[in-house]
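Single-structure report; data block below.
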Amino acid sequence: MTREDWNPDQYAQFAGVRLQPAIDLMNAVGSLPEGGIVDLGCGAGVMGEALSARYPSRRLIGVDSSPAMLEKAKETGAYAVLEKADIATWQPDRRPALMFSNAVLQWLPDHPRLIPRLLAGLAPGGVLAVQVPYQQAAPSSTGWRDAFAGLFKDRPLARRSEVMAPEEYFELLSPLGEARLWETEYHQHLPAAEHGHPVRLFTESTFARPYLEVLDEVERLHLTAAYEERMRQAYPLRSDGSVLFPFRRLFFTLRKP
C-alpha cells in the first residue's frame, strides 16, 4: 500500500456508522430493468454482501482505484468481477441496471460532465444511485481547512472534496431523467478513543486525506494537534469519552429514460 493509497483498516474503524447511509441508499433504488449491478467506488467491499443479497441473480461488479481496497473487497467473495479503474474515465463492458455509488463521487471533479456520462452507460430504465457527504460547512470539515491554512497556507493541495449544492444537482439531474434528491443528518455516536478525538479519527481517513498526504510526518503531527483543539471545542466529549457527531449526507437517484 502506497502513501497515496487508501488504508482499509483505518477506514473500517467506523464501519457501522459508514454503512447505514449506504443501506439507506440501496433501499431507495426501486425497480430495475435487466442487467448487472456496479458498485462504483466499492472500496473494501462493505456493500458487496448487501448488494448481492438484494440482487442475488445479477452480476455484481466492483470498481475502485485503490489496490489495497480491492484486495479487501476480493476477500468478501461477493463480486463476480473487480476492476481497478478511475471512475472519471471508466466505461462498463455491458450496460448495467444499477450504478451504485456510496461516498465516492465527492472525490471526482466536474459533476456536470461526469453524471451525464455515467448515466449514458446505464441500460434504459437503469438507475444511478449516489450518496455523498454534505458536511462542508460543519466544524469537522472547516476545522481541517482552517488548521491547514493557519499552518501551511502556501502549500498547494492536489485535490479537494467536491460537492455541489442540492439546488445545483436538481437543475443538473431533472432534465436527464426521473430524479429524486434528499438529505439526511445522521447523529453518529462515536466511541471513546485512546489516541485522539473520535471526530479526528473519523475524518482523517476520508475528508482529511488531501491535507495529510501533502505533509511529512512531523507536519502531520502539527496539523492533527491543531485540528484536535478545534474538535474539543466544537464536539465536546461525553463523560465516557465518546461523542455524538452530527453528519449530513446528500442522496439522489436518477432513472434513465
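Just so you know, these numbers use all the heavy atoms, side chains as well, and skip hydrogens, waters and symmetry mates.
- Linking ILVMFWY side-chain heavy atoms closer than 4.5 Å, directly or via other members, places L119 and W90 in a single hydrophobic cluster.
- Between F202 and V17, some side-chain heavy-atom pair lies under the 4.5 Å cut-off.
- A side-chain donor-acceptor contact under 3.5 Å links R180 to the backbone of A28.
- Distance NZ/K84 to OG/S65: 6.5 Å, rounded to 0.5 Å.
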Residues 38-46 side chain polar contacts: donor-acceptor under 3.5 Å, at least two apart:
{"from": "D39", "atom 1": "OD2", "to": "Y79", "atom 2": "OH", "distance (Å)": "2.7"}

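- M231 and G143 make their closest contact through CE-CA, 4.3 Å (heavy atoms, listed as atom of the first residue, atom of the second, distance).
- Under the 6.0 Å distance and 45° angle rule, R200 does not count as a cation-pi partner of Y235.
- For A50 against I23, the heavy-atom pair with the smallest separation is CB-CD1, 4.0 Å.
- Taking the six-membered ring where the residue is Trp, Y211 and W144 present parallel rings, their angle staying beneath 30° rather than reaching 60°.
- Looking only at side-chain heavy atoms (C-beta outward), L172 and F252 stay at 4.5 Å or farther from each other.
- The closest donor-acceptor contact from the side chain of E228 to the backbone of A226 lies at 3.5 Å or more, if one exists at all.
- Put simply, CZ on R249 and OG1 on T184 are 10.0 Å apart, with the number rounded to the nearest 0.5 Å.
- In this structure, the side chains of V163 and Y134 come closer than 4.5 Å at one or more pairs of heavy atoms.
- Closest heavy-atom contact between P124 and P33: O-CG, 3.5 Å.
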- prompt: Under the side chain to side chain contact (heavy atoms under 4.5 Å, CB included) criterion, do R155 and E219 qualify, and how do the steps go?
  reply: CA-CA 12 Å; R155 190 76 56 92; E219 291 171 331; 2.8 Å; yes
message: side-chain hydrogen bond (donor to acceptor under 3.5 Å, both in side chains), that's the test. Do S66 and D64 meet it? Break it down for me.
response: CA-CA 6 Å; S66 165; D64 206 279; 4.5 Å; no
message: side chain to side chain contact (heavy atoms under 4.5 Å, CB included) for E178 and V127? Distances and angles first, verdict last.
response: CA-CA 9 Å; E178 180 187 335; V127 174; over 6 Å; no
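- Between the CG atom of L118 and the CD1 atom of I87 there is a distance of 8.0 Å, given to the nearest 0.5 Å.
- Under the 4.5 Å side-chain criterion, counting only non-hydrogen atoms from C-beta, L212 is in contact with E204.
- If you chain together hydrophobic residues whose side chains sit under 4.5 Å apart, V130 and M26 never meet in one group.
- Note: F245 and F247 have perpendicular aromatic rings, judged against thresholds of 30 and 60 degrees for the angle between ring planes.
- For the pair Y227/V199, a side-chain contact is recorded, criterion being any heavy-atom separation below 4.5 Å from C-beta on.
- With hydrogens and angles disregarded, no donor-acceptor distance shorter than 3.5 Å links the side chain of R117 to the backbone of Q91.
- Panel note: side chain S141, backbone Q135; a donor-acceptor pair is recorded below 3.5 Å.
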message: Run the side chain to side chain contact (heavy atoms under 4.5 Å, CB included) test on L19 and N102 for me, step by step, so that the C-alpha distance in whole Å, both residues' side-chain angles and the decisive distance to 0.1 Å come before the verdict.
response: CA-CA 9 Å; L19 184 60; N102 180 60; over 6 Å; no
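- Between R232 and E229, at least one side-chain nitrogen of the basic residue sits less than 4.0 Å from a carboxylate oxygen of the acidic one, meeting the salt-bridge criterion.
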- prompt: Checking side chain to side chain contact (heavy atoms under 4.5 Å, CB included) for the pair I37/L32: CA distance, chi angles, key distance, verdict?
  reply: CA-CA 10 Å; I37 308 295; L32 293 174; 4.0 Å; yes
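- Under the 4.5 Å side-chain heavy-atom criterion for grouping Ile, Leu, Val, Met, Phe, Trp and Tyr, I61 is not connected to F100 through any hydrophobic cluster.
- Counting heavy-atom neighbours within 6.0 Å of E185 CD, excluding the residue itself, gives a total above 12.
- With R248 contributing its side chain and A137 its backbone, the two residues share no donor-acceptor pair below 3.5 Å.
- Sorted by first and then second residue, the ring pair (Phe, Tyr, Trp, His ring centres under 6.0 Å) pairs involving residues 177-200 (not counting sequence neighbours) are W182-F251.
- Of the possible polar contacts, none joining the R255 side chain to the G177 backbone as a donor-acceptor pair under 3.5 Å is found.
- Heavy atoms only, all atoms of each residue included: P139 and A234 are closest at CB-CB, 3.5 Å.
- Here the CG atom belonging to L122 is positioned 8.0 Å from the CG atom belonging to L254, to the nearest 0.5 angstrom.
- Here the closest non-hydrogen pair linking G35 and R58 is O-NH1, 2.8 Å.
- Judged purely by atom type and a 3.5 angstrom limit, S242 has no side-chain atom pairing as donor or acceptor with the backbone of R238.
- Side-chain heavy atoms closer than 4.5 Å link hydrophobic residues (I, L, V, M, F, W, Y) into clusters, and following such links, even through other members, never connects M99 to V29.
- The minimum heavy-atom distance between A149 and K153, with the atom names listed, is O-CB, 3.0 Å.
- Here E71 contributes atom CD and L82 contributes atom CG; the two are 9.0 Å apart, rounded to the nearest 0.5 Å.
- Distance check: I115 CD1 to M164 CE gives 5.5 Å after rounding to the nearest 0.5 Å.
- Between F148 and L157 there is a side-chain heavy-atom pair separated by less than 4.5 Å.
- Two different hydrophobic clusters hold L237 and L244 under the rule that ILVMFWY side chains link at heavy-atom gaps under 4.5 Å.
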